[in-house]
Protein chains: 2
Amino acid sequence: MSTPGRGLHGHVLDTLGPEITAGEYPPGSVLRTDELAQRFDVSRSVMREAVRVLESMYLVESRRRVGVTVRPKSEWNVYDPQVIRWRLAGADRPRQLRSLTVLRSAIEPVAAGLAARHATSEQCAELTECALGMVAHSRGHKLEGYLLHDVAFHRVILEASGNEMFARLGDVVAEVLTGRTQHDVMFEDPDPAAVTLHVQVAEAVRAGDAARAEELTREITVGALQELDILAP
Amino acid sequence: MSTPGRGLHGHVLDTLGPEITAGEYPPGSVLRTDELAQRFDVSRSVMREAVRVLESMYLVESRRRVGVTVRPKSEWNVYDPQVIRWRLAGADRPRQLRSLTVLRSAIEPVAAGLAARHATSEQCAELTECALGMVAHSRGHKLEGYLLHDVAFHRVILEASGNEMFARLGDVVAEVLTGRTQHDVMFEDPDPAAVTLHVQVAEAVRAGDAARAEELTREITVGALQELDILAP
DNA sequence: GGTGACAAAAAGTCAGACTTATTCATCACG
DNA sequence: CGTGATGAATAAGTCTGACTTTTTGTCACC
């Protein structure tokens, strides 16, 4: 995924971004453009472009006569897909995963409710197809296939909500679900109850039952929270 | 409060960003770096830095031999504070305001519930202070003072949730609330019921009653939705 | 009609010189 | 002593021009 190697400045970012988001430079640390350019063996122009990008992510601030200072974590643009990916690849991956899962638990039920109101018939069909795909891959260690349909399912829900802010979280959810399968929990077949819930959500959306779609999705996200030992109220 | 005039490339962005987010260039439009540099009377280096930033916001894509092509709206990083500001300042401000208010309605109740569990005593004190400030400015056309405390209130809630993703939405909520007061609805004193709800939320958080804090906040956000004629389920 | 070579176009890269704002230290003055 | 002005050092900011690389479109040729 991502967009690696789109030029020299991209390569610089692929190294420097993870370093910063991993907290290797404490807030207030000062980097010098010239030194960085030397370190990465690129020209100052290229280095400057990379710094501009980091600046637009609120990871650093460039000031005359001072240098490039690292901003405190609390100011980072944590919704930037690139930042999310860097952090998921780094040391505070568990923390990031928890934050994102809580975010999901807030967004997805509401999105499902809206989807029940706004989904087109094509989207309903896609949803059903995804749910059936999940069922088909729910037994016998077909985790890759299951994941594929799971991701697609949640993507469709978010898009069908008709809210662009929700729709853009599709990538984030995909990242979380993928990470969960690849690294963390879920060593064996998925929880049958979760699979059933997805099927029921698809039904509720098709039926236009917003309240039911919302509640069922809430149950799904509560399950996700519990997997990470995050207590549900 | 943005960060205007942080260099020539910033000035370019202040013009070009709003143009793109306003949809002046349809998706797939091609811009040339050299022409843009001429238009803004800056060097190519400066123009390239600006393009890099636009690229990191997924507004454009720069490809060799082709030029800088504008991406479809569906790919924009709509969570970038800069993009949000540009769009709020532009033509589809109403649409943006609706999206963000729906987002609020999903996030803030959950955040309030978490705040009831995690808020420090200092945060509880701040919250009460904000709520009282709202009460004090709720009558007699003191909209500026009311807004100030309202913004602070929601900021504290989001921060007290302990979730960094929620915390970073403080600026967005501030933007929405400010916009609402300055341009749109709310010509006279705020709804007394809303004021009361804020006080009650502060109480619930202090008491550690997560369910009550969540439900009361949900009522607040439902009110915000209704102000924009967005039907509540 | 498909295939491959060639040429044009635009972004990408680099090096070097110059400008400008900011900070810090020094020093004179109250 | 403090305090404020002065000036020098510093690192980012900017510009220019030359060169490279990749991609694409075209055109001849099979």
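Excluded from the calculations below are hydrogen atoms, water molecules and symmetry mates; all remaining heavy atoms, backbone and side chain alike, are included. Chain letters run A, B, ... following the sequence lines, proteins first and then strands; every chain starts at 1.
- Contacts of A/S62 with the nucleic acid, taken as non-hydrogen atoms under 4.0 Å apart, involve only primed sugar atoms and P, OP1 or OP2.
- In A/Q38, the CD atom is not crowded: 12 or fewer heavy atoms of neighbouring residues, nucleotides or ligands sit closer than 6.0 Å.
- Other residues, nucleotides and ligands place more than 12 heavy atoms under 6.0 Å from the CD atom of B/E61.
- Atom C1' of nucleotide C/dA11 and atom CD of A/E49 are separated by 10 Å, given to the nearest angstrom.
- Within a heavy-atom distance below 4.0 Å of DNA chain C, the residues of residues 25-40 of chain B found are B/L31, B/R32, B/T33.
- B/L8 places its CG atom 17 Å from the P atom of D/dA12, with the value rounded to the nearest Å.
- Partner A/H9 forms a side-chain hydrogen bond (donor to acceptor under 3.5 Å, both in side chains) with one of B/E49, B/R48, B/R52 and no other, that one being B/R52.
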Each nucleotide of nucleotides 17-23 of chain C classed B (base within 4.0 Å of a protein heavy atom), S (only sugar-phosphate) or -, in 5' to 3' order, makes B--BSBB

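- B/R104 has no carboxylate O lying under 4.0 Å from a charged side-chain N of B/E227, or vice versa, which leaves the two without a salt bridge.
- Regarding B/L54, its CG atom lies at a distance of 15 Å from the C1' atom of C/dA11, rounded to whole Å.
- A/R168 contributes a side-chain N or O that, together with a main-chain N or O of B/W76, makes up a donor-acceptor pair within less than 3.5 Å.
- Rounded to an integer number of Å, the gap from B/D41 CG to D/dT16 C1' is 14 Å.
- With A/E164 contributing its side chain and B/V78 its backbone, the two residues share no donor-acceptor pair below 3.5 Å.
- Partners of A/H198 under the ring pair (Phe, Tyr, Trp, His ring centres under 6.0 Å) rule, at least two apart in sequence or in another chain, are A/F153, A/H154.
- Rounded to whole Å, atom C1' of D/dA12 lies 13 Å from atom CE of A/M47.
- Using a distance-only test at 3.5 Å, with no hydrogens or angles considered, no donor-acceptor pair links the side chain of A/Y79 to the main chain of B/D80.
- Of the candidates C/dG12, C/dC14, D/dG13, C/dG12 carries the atom nearest the B/R52 side chain, counting heavy atoms from C-beta on.
- Looking at B/R87, its side chain never comes within 3.5 Å of a backbone N or O of B/R93 through a donor-acceptor pair.
- Checking D/dC15, C/dC14, D/dT14 against every side-chain atom of A/S45, the shortest atom distance belongs to C/dC14.
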